[in-house]
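Here's the structure we're looking at; comments come further down.
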Amino acid sequence: MKTSKLALRENPLRFDPGRAARLPLECSRCGARPSFYTRRYSGESLCQECFVETTVDKVRRTIAKHKMIERGDRVGVAVSGGKDSLSLLKILHQLSAGRYELVALTVDEGVAGYRDEAVANVKGLCSQLGVELVLVSYSGLFGFSLDQALDWKDEREQSSCSICGVFRRRAIDEAAAKAKVDVVATAHNLDDYVQTFMLNLLHGDVDRLGWLDLATKGEGFPIRRVKPFTEIYEEEIALYAYLSKIPFQSVSCPYMHEGLRSEVRDDLNEMEAKHAGIKNVLLGSALEVASRLSDNESAKTSMPCERCGKPSSSGLCGVCRMTELVRQHSKYTG
Ligand code: SF4
Ligand code: ZN
């Protein structure tokens, strides 16, 4: 069954109407409060408070296990304004307590009718938590908005998200440099991770499997990147966000459902529904493959881009190659 974003926003239990009826009465952790949610892959049935506490604790353990953040780090949190990244900001803020400093890094891609609400949500949470915000935009950095960069849909093979992703990664790096951070934390969750792994396999991008290693920087990233939600299911972040009163965006990015990723997401969700925990197993395999491939130096080779001088795996970096394509085809940028 597919998870409707609207259903999640109204009531996270509605995406499986039979689930509430099947829950045991008491939380299997505290034994005091009524259970609310069952982690099918582990068998625990948790009350709301224990669900939130164990989710935060899982993030804390992932950070410690993979040495993602060190004491005294200045941590840039990539916050798009969606529920996942706002939840990450809130959890990292809760865990930081004197150990490290946080700054939110937000990119305004320039998508009419979509970004304004997200940026307002980011500003709201940052001011509530007292976290500094650094905002950059595609227009300011590249000279065109995402709407303008994507207006040649009929002529191109790449999905909108793959074009956007190239610019977004650079934009985050620019924001990170501006904010002088030591490390950038992104809200990629377990589902994102295994989808990317499968997509790289399906596209034959074997080198990119090595970039998924949690200990590498990935192609051309000058600043270390970490993914503290790597071990958390997307569904559980949605529940955390709902219970923590994180605002859900009422509009989604209009470009998000293009491409193979949506199909891979649906297929993996279907498999998880039949075989609880299978995404967890796939994550373990993906991490192992990524770690073995990242030991292979050729997967990480980097040189300065001939045009912009940023690290690149070939003569021109992805951003300069994509900018050239956009300038050739988009009617706005000439
Ligand atoms: Fe960019 Fe895709 Fe995200 Fe939209 S959904 S902001 S196109 S990556
Ligand atoms: Zn370049």
Side-chain angles (χ1 to χ4, degrees), residues 5 8-9 12 51-64 66 68-109 114-137 168-169 171-193 223-250 252-253:
K5 289 217 156 145
L8 268 175
R9 189 160 56 240
F51 173 80
V52 168
E53 276 172 29
T54 52
T55 302
V56 173
D57 197 50
K58 221 168 163 187
V59 177
R60 188 187 55 71
R61 277 186 276 126
T62 302
I63 292 172
H66 298 284
M68 291 181 170
I69 300 175
E70 287 173 16
R71 191 175 274 275
D73 271 347
R74 182 161 158 86
V75 183
V77 189
V79 189
S80 66
K83 60 176 177 11
D84 291 25
S85 60
L86 292 173
S87 298
L88 179 64
L89 183 64
K90 193 173 166 80
I91 292 177
L92 289 184
H93 181 263
Q94 183 181 339
L95 295 175
S96 67
R99 294 186 190 92
Y100 50 87
E101 205 183 332
L102 286 182
V103 47
L105 311 174
T106 298
V107 179
D108 183 352
E109 298 91 352
Y114 158 63
R115 262 293 170 235
D116 296 349
E117 183 191 28
V119 171
N121 288 342
V122 175
K123 287 183 175 162
L125 188 61
C126 283
S127 82
Q128 187 191 320
L129 302 175
V131 171
E132 180 191 342
L133 168 65
V134 169
L135 187 65
V136 295
S137 70
R168 163 187 281 279
R169 286 188 288 274
I172 294 284
D173 272 342
E174 296 289 342
K178 204 167 154 188
K180 296 189 171 55
V181 299
D182 301 299
V183 55
V184 172
T186 58
H188 294 99
N189 56 47
L190 187 151
D191 292 64
D192 296 323
Y193 191 96
I223 298 171
R224 198 158 48 88
R225 300 228 164 190
V226 296
K227 304 181 183 89
F229 280 169
T230 301
E231 293 169 317
I232 315 256
Y233 278 43
E234 184 173 22
E235 170 181 303
E236 299 198 2
I237 297 170
L239 267 179
Y240 169 87
Y242 172 82
L243 294 173
S244 307
K245 303 195 170 38
I246 296 279
F248 281 61
Q249 255 184 282
S250 55
S252 310
C253 175

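Quick caveat, the model's predicted, so the values are computed rather than measured.
- In this structure the side chain of L89 reaches within 4.5 angstrom of the side chain of C126, judged on heavy atoms.
- Looking at heavy atoms from C-beta onward, Y193 lies out of side-chain contact with H188 at the 4.5 angstrom threshold.
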| request: Starting from the C-alpha separation in whole Å, work towards a yes-or-no answer on side chain to side chain contact (heavy atoms under 4.5 Å, CB included) for I246 and K90. | output: CA-CA 9 Å; I246 296 279; K90 193 173 166 80; 3.7 Å; yes
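- Taking 4.5 Å as the limit, every side-chain heavy atom of L105 sits out of range of all side-chain heavy atoms of V79.
- Proximity of Y100 to D182: side-chain heavy atoms (C-beta onward) are nowhere separated by under 4.5 Å.
- Salt bridge status for E53 with K58: absent, with no side-chain N to carboxylate O gap under 4.0 Å.
- No donor-acceptor pair under 3.5 Å is formed between the side chain of R60 and the backbone N or O of I91.
- Put simply, the side chain of H93 reaches to within 4.5 Å of the side chain of V131, judged on heavy atoms.
- Here the CZ-CD1 distance, from R224 to I69, works out to 8.0 Å after rounding to the nearest 0.5 Å.
- Ion pair R168/E109 flagged as a salt bridge, since at least one NZ, NE, NH1 or NH2 atom sits closer than 4.0 Å to an Asp/Glu carboxylate oxygen.
- In this structure, CZ in R71 is found 11.0 Å from OG in S96, a value given to the nearest 0.5 Å.
- The minimum heavy-atom distance between A187 and F229, with the atom names listed, is O-CD1, 3.8 Å.
- Shortest non-hydrogen contact noted between I63 and P228 is CG1-CB, 3.9 Å.
- Nearest heavy-atom pair, S80 versus S85, reported as atom, atom and distance to 0.1 Å: N-OG, 3.0 Å.
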| said: One pair to check against side chain to side chain donor-acceptor pair (under 3.5 Å): T62 and T230. What are the steps and the verdict? | reply: CA-CA 8 Å; T62 302; T230 301; over 6 Å; no
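- Counting all heavy atoms, side chain and backbone alike, V136 lies closest to A171 at CG2-O, 3.7 Å.
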| Please walk me through it: do E117 and S250 pass side chain to side chain donor-acceptor pair (under 3.5 Å)? | CA-CA 8 Å; E117 183 191 28; S250 55; 3.0 Å; yes
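- Looking at every heavy atom in both residues, G81 comes nearest to Q249 through O-OE1, 3.9 Å.
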| task | Would you sort out whether D173 and R169 count as a salt bridge (charged side-chain N to carboxylate O under 4.0 Å, His left out), showing the intermediate values? | result | CA-CA 6 Å; D173 272 342; R169 286 188 288 274; over 6 Å; no
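- Between T186 and V77, the closest side-chain pair of non-hydrogen atoms is not below 4.5 Å.
- In K123, the NZ atom is not crowded: 12 or fewer heavy atoms of neighbouring residues, nucleotides or ligands sit closer than 6.0 Å.
- By the 4.5 Å heavy-atom criterion applied to side chains, Y240 and V56 are counted as neighbours.
- Contact check for E234 versus L190: no side-chain heavy atoms found under the 4.5 Å cut-off.
- Annotation: the span from L88 atom CG to K83 atom NZ amounts to 12.5 Å, rounded to 0.5 Å.
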